[in-house]
Amino acid sequence: MAQALPYHTIHEIFSRFQATEPEPKGELEHVNAYTLLVAVALSAQATDAGVNRATRALFARVDTPEKMLALGEEGLIEHIRTIGLFRNKAKNVIKLSRILVEEYGGEVPSSRAALQALPGVGRKTANVVLNMWWGLPAQAVDTHIFRVGNRTLIAPGKTVEAVERAIEDNVPAEFQRHAHHWLILHGRYLCKARKPICGTCPIRDLCPYEDKTV
């Protein structure tokens with residue numbers, strides 16, 4: 001496995017990310033911890049933009065697990081049928097909403113273990129919620145981060161879990177809270193899978209990727 005970049009190089013990379021976007025934000029629309037949890041759960045194998053289009057009207061009416069249970073599975077499906085795997089996702093949202101009401105008083109728990117115990121909530125979803133709502137330096141590794149971590153050697157790893165650990169190990173502490181957002185945005189808009197936009201990349205001179213575009 002390739003070695004990660006040296007400390008000072010990674011520090012400079014994240015200094016540039018920070019200078020470009022001091023307070024990066026997740027792109028999923030939400031109004032509280034519950035709607036964030038639902039939005040992230042719905043975003044699996046879907047785009048943030050597509051989820052936002054589907055949930056905008058939903059969250060205007062439904063912003064608590066109690067309201068979601070009152071809406072019901074079929075009512076939820078009517079809102080999210082444009083999202084991939086909508087039937088299975090609707091089942092999971094109803095199930096997790098019931099658990100939140102029955103076991104957590106309608107509140108979203110703030111530990112990774114409790115979140116991951118909810119139907120349809122994996123480690124990545126839990127980490128997004130922990131980071132975006134509670135400000136924990138949790139690293140939610142998606143396809144963008146996995147690609148950028150390996151391509152730039154900021155956080156090389158053969159698995160999602162290995163890349164997550166590499167971010168935690170290699171990224172300086174002062175950048176940990178926003179690291180996953182900077183990496184997602186970099187992968188989504190510049191370091192794209194097929195045709196990275198290397199010509200305008202702020203870290204081009206620090207990136208060891210051999211197949212840079214003009």
Side-chain angles (χ1 to χ4, degrees), residues 23-146 160-161 164-165 167-168 176-181 183-185 188:
E23 291 287 331
K25 304 294 183 185
E27 296 183 329
L28 285 173
E29 297 174 6
H30 59 283
V31 297
N32 55 25
Y34 173 71
T35 54
L36 174 60
L37 174 63
V38 172
V40 180
L42 294 176
S43 71
Q45 300 180 48
T47 65
D48 287 359
V51 172
N52 289 339
R53 284 193 295 271
T55 59
R56 210 161 279 142
L58 172 66
F59 292 159
R61 292 179 49 197
V62 177
D63 59 1
T64 67
E66 292 86 355
K67 291 178 182 177
M68 188 67 76
L69 292 176
L71 178 67
E73 187 175 321
E74 291 305 314
L76 175 57
I77 285 173
E78 288 306 307
H79 284 277
I80 67 168
R81 61 173 57 254
T82 57
I83 300 174
L85 306 175
F86 64 90
R87 291 191 183 280
N88 189 56
K89 289 177 180 179
K91 283 184 172 64
N92 283 332
V93 169
I94 294 300
K95 288 178 182 177
L96 72 82
S97 297
R98 185 167 291 111
I99 291 172
L100 292 180
V101 170
E102 293 177 354
E103 298 184 20
Y104 296 98
E107 299 297 321
V108 175
S110 58
S111 80
R112 185 181 288 113
L115 287 167
Q116 284 189 248
L118 297 171
V121 178
R123 186 177 181 89
K124 180 169 75 73
T125 295
N127 281 347
V128 172
V129 175
L130 291 171
N131 179 270
M132 288 182 63
W133 192 256
W134 281 284
L136 270 67
Q139 308 303 332
V141 177
D142 67 354
T143 56
H144 295 301
I145 293 182
F146 187 83
V160 167
E161 292 78 11
E164 181 182 333
R165 288 195 300 272
I167 295 171
E168 294 171 347
Q176 284 280 336
R177 181 182 175 190
H178 293 313
H180 99 270
H181 277 131
L183 292 171
I184 286 174
L185 294 173
R188 184 174 291 165

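Note that the CD atom of Glu27 and the OG1 atom of Thr47 stand 10.0 Å from one another [nearest 0.5 Å].
Glu29 places no side-chain N or O within 3.5 Å of a backbone atom of Arg56 that could act as its donor or acceptor partner. No donor-acceptor pair closer than 3.5 Å links the side chain of His180 to the backbone N or O of His178.
The number of heavy atoms from other shown groups lying within 6.0 Å of CZ (Arg61) does not exceed 12. Other residues, nucleotides and ligands place no more than 12 heavy atoms under 6.0 Å from the CD atom of Glu107.
Applying the salt bridge (Lys or Arg N to Asp or Glu O under 4.0 Å) rule to pairs touching residues 125-146 yields nothing, sequence neighbours excluded.
Minimum interatomic distance between Ser43 and Asp48 (heavy atoms only, all atoms of both residues): CB-OD1, 4.2 Å. Minimum interatomic distance between Gln176 and Pro137 (heavy atoms only, all atoms of both residues): CB-CB, 3.8 Å.
Partners of Glu66 by side-chain contact (heavy atoms from CB on, under 4.5 Å), not counting sequence neighbours, listed by chain and number: Thr64, Val101. Partners of Ala46 according to the side-chain contact (heavy atoms from CB on, under 4.5 Å) rule, which considers only residues two or more places apart in sequence or in another chain, are Val51, Ile83, Lys89.
Inter-residue side-chain proximity for Ile99 and Leu118 is flagged as met; some heavy-atom pair is nearer than 4.5 Å. Side-chain contact between Phe59 and Val38 is present, with heavy atoms from C-beta onward closer than 4.5 Å. With a 4.5 Å cut-off on side-chain heavy atoms, Arg98 and Glu103 do not count as touching.
Side-chain atoms of Asn131 and Arg177 form no donor-acceptor pair, as typed in the model, at a separation below 3.5 Å.
With salt bridges taken as basic N to acidic carboxylate O contacts below 4.0 Å, none links Lys124 and Glu164.
Each of Leu115, Leu37, Leu36 was compared with Thr125 under the side-chain contact (heavy atoms from CB on, under 4.5 Å) criterion, and only Leu37 meets it.
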